Amino acid sequence: MFVGIDVAKAELVVATRPGTERGTTRNDEAGVRELTQRLVAAAPELIVLEATGGYEVLCVAALAAAGLPVVVVNPRQVRDFAKATGQLAKTDRIDAGMLALFAERVRPAVVAIPDPATRELEALLTRRRQLVEMLHAEQNRLGLLLGRHARPVKKSLKQHIAYLERELAITDTELVEMVRHSPVWRERDDLLRSVPGVGPVVAHTLLAELPELGHLNRRAIAKLVGVAPMNRDSGTWRGRRMISGGRASVRAVLYMAALVAARRNAAIRTFYQRLLAAGKPKKLALIACMRKLLTMLNYLVRTGQHWNTAVS
């Protein structure tokens with residue numbers, strides 16, 4: 001049996017395959033506990049849910065803790081699958097049915113669910129990104145204000161900027177303490193930060209949002225992050241290779257790391273300059289540096305070597 005669960009803030013719509021059975025339960029502790037008991041008794045082959053911005057976390061954690069095979073998939077994949085089957089309508093019951101059908105036909109691989117500590121680290125990183133975005137927005141607004149009439153607004157903006165800077169400093173301190181209190185994270189953090197170009201934000205993001213680092217080969221990890229060039233060919237026509245998909249938050253910090261590494265990391269700098277000398281555009285060369293840096297980090301984590309040891 002295959003199960004699809006459409007997640008909303010207040011309720012969960014459950015569908016099974018084969019068959020057309022549908023059911024609804026509350027998306028709270030009591031409802032999730034009842035659903036988990038029913039699914040444990042049914043022993044499904046696979047359960048599929050969509051990522052819904054956090055509303056799925058309670059259900060996924062309970063199902064995984066019960067030892068059930070549960071997968072959280074990208075909503076775009078399921079929507080594209082539904083369109084491919086000719087299903088253009090969209091309701092919660094239809095979506096649950098399509099998730100069950102997706103589980104039956106596609107059978108996505110079950111991956112380990114992050115433990116509570118990893119989820120807490122990821123939540124802190126998400127909050128840090130939000131603070132940085134708000135801080136930049138307020139600083140831009142302050143820079144656009146001119147004239148004496150704007151003094152009250154300037155005062156408000158400066159106060160908010162000071163508050164955001166304090167919150168950002170507190171969040172950074174909490175991130176460092178959380179990593180340092182875990183022997184496994186502390187060792188991996190030291191290993192990642194031994195690479196020139198990799199700072200605390202990059203290391204913490206990789207710890208929380210790329211747990212597969214060191215467990216996949218270089219091609220698979222590049223595709224997972226979204227820095228692998230995708231072919232665009234048809235017949236005799238050869239299109240331009242482009243990157244697509246992947247984990248945007250990881251890709252964003254890798255881009256900043258590649259910018260620094262292109263100047264401070266001898267191996268990446270030589271690679272970057274060679275690409276420029278061959279006539280490659282700067283942005284393309286930087287993307288290639290991102291992939292090379294990711295490949296290096298993947299190798300170091302897999303072998304447990306620090307940068308100084310690996311390059312000596």
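Note that the coordinates shown come from a computational prediction; the quantities given were computed from them, not determined experimentally.
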J.: Is atom CE of Met256 surrounded by more than 12 heavy atoms (other residues, nucleotides or ligands) closer than 6.0 Å?
T.: no

J.: Distance-only, no hydrogens or angles: does the Arg193 side chain make a donor-acceptor pair with backbone N or O of Gly199 under 3.5 Å?
T.: no

J.: Taking atom types as modelled, find out whether Asn231 and Arg241 have a side-chain donor-acceptor pair closer than 3.5 angstrom.
T.: yes

J.: Is a side-chain donor or acceptor of Thr270 paired with a backbone partner of Ala267 at a separation under 3.5 angstrom?
T.: no

J.: Run the numbers on Thr205 and Glu209 for side-chain hydrogen bond (donor to acceptor under 3.5 Å, both in side chains), then give the verdict.
T.: CA-CA 6 Å; Thr205 302; Glu209 302 186 19; 5.5 Å; no

J.: When you measure from the side chain of Arg251 to the backbone N and O of Gly245, does any donor-acceptor pair fall under 3.5 Å?
T.: yes

J.: Take a 6.0 Å sphere around CZ of Arg302 and say whether it holds more than 12 heavy atoms from other residues, nucleotides or ligands.
T.: yes

J.: Should Val227 and Val301 be regarded as members of a common hydrophobic cluster, given that ILVMFWY residues are connected when their side-chain heavy atoms come within less than 4.5 Å of each other, either directly or indirectly?
T.: yes

J.: Within the side chain of Ser194, is there an N or O that forms a donor-acceptor pair under 3.5 Å with the backbone of Trp307?
T.: yes

J.: With a 3.5 Å distance limit and no angle check, can you tell me whether Arg93 reaches the backbone of Lys90 through a side-chain donor-acceptor pair?
T.: no

J.: Keeping the roles fixed (side chain from Asn27, backbone from Ala8), state whether a donor-acceptor pair exists under 3.5 Å.
T.: yes

J.: Report yes or no: does His160 contribute a side-chain atom to a donor-acceptor pair with the main-chain N or O of Ser156 at less than 3.5 Å?
T.: no

J.: Below 4.5 Å, heavy atoms only, C-beta onward: do Thr118 and Leu207 meet side chain to side chain?
T.: no

J.: For the residue pair Lys9 and Tyr55, would you count it as a cation-pi contact if the rule is NZ or CZ under 6.0 angstrom from the ring centre and within 45 degrees of the ring axis?
T.: no

J.: Applying salt bridge (Lys or Arg N to Asp or Glu O under 4.0 Å) to Glu138 and Arg141, what does each step give before you reach the verdict?
T.: CA-CA 5 Å; Glu138 292 291 71; Arg141 293 186 187 105; 2.4 Å; yes

J.: Go through it in stages, so that I can follow the logic: the residues are Leu210 and Val225, the test is side-chain contact (heavy atoms from CB on, under 4.5 Å), and I'd like the CA-CA distance, side-chain angles, deciding distance and then a yes or no.
T.: CA-CA 8 Å; Leu210 195 63; Val225 173; 3.8 Å; yes

J.: Between Asn298 (side chain) and Leu216 (backbone), is there a donor-acceptor pair under 3.5 Å?
T.: yes

J.: Side chains of Ile5 and Glu50: closer than 4.5 Å at any heavy-atom pair?
T.: no

J.: Keeping Gln37 on the side-chain end and Leu39 on the backbone end, is there a donor-acceptor pair under 3.5 Å?
T.: no

J.: Is Asn140 reaching over with its side chain to a backbone N or O of His136, donor-acceptor style, under 3.5 angstrom?
T.: yes

J.: Would you find more than 12 non-hydrogen atoms of other residues, nucleotides or ligands less than 6.0 Å from Gln130 atom CD?
T.: yes

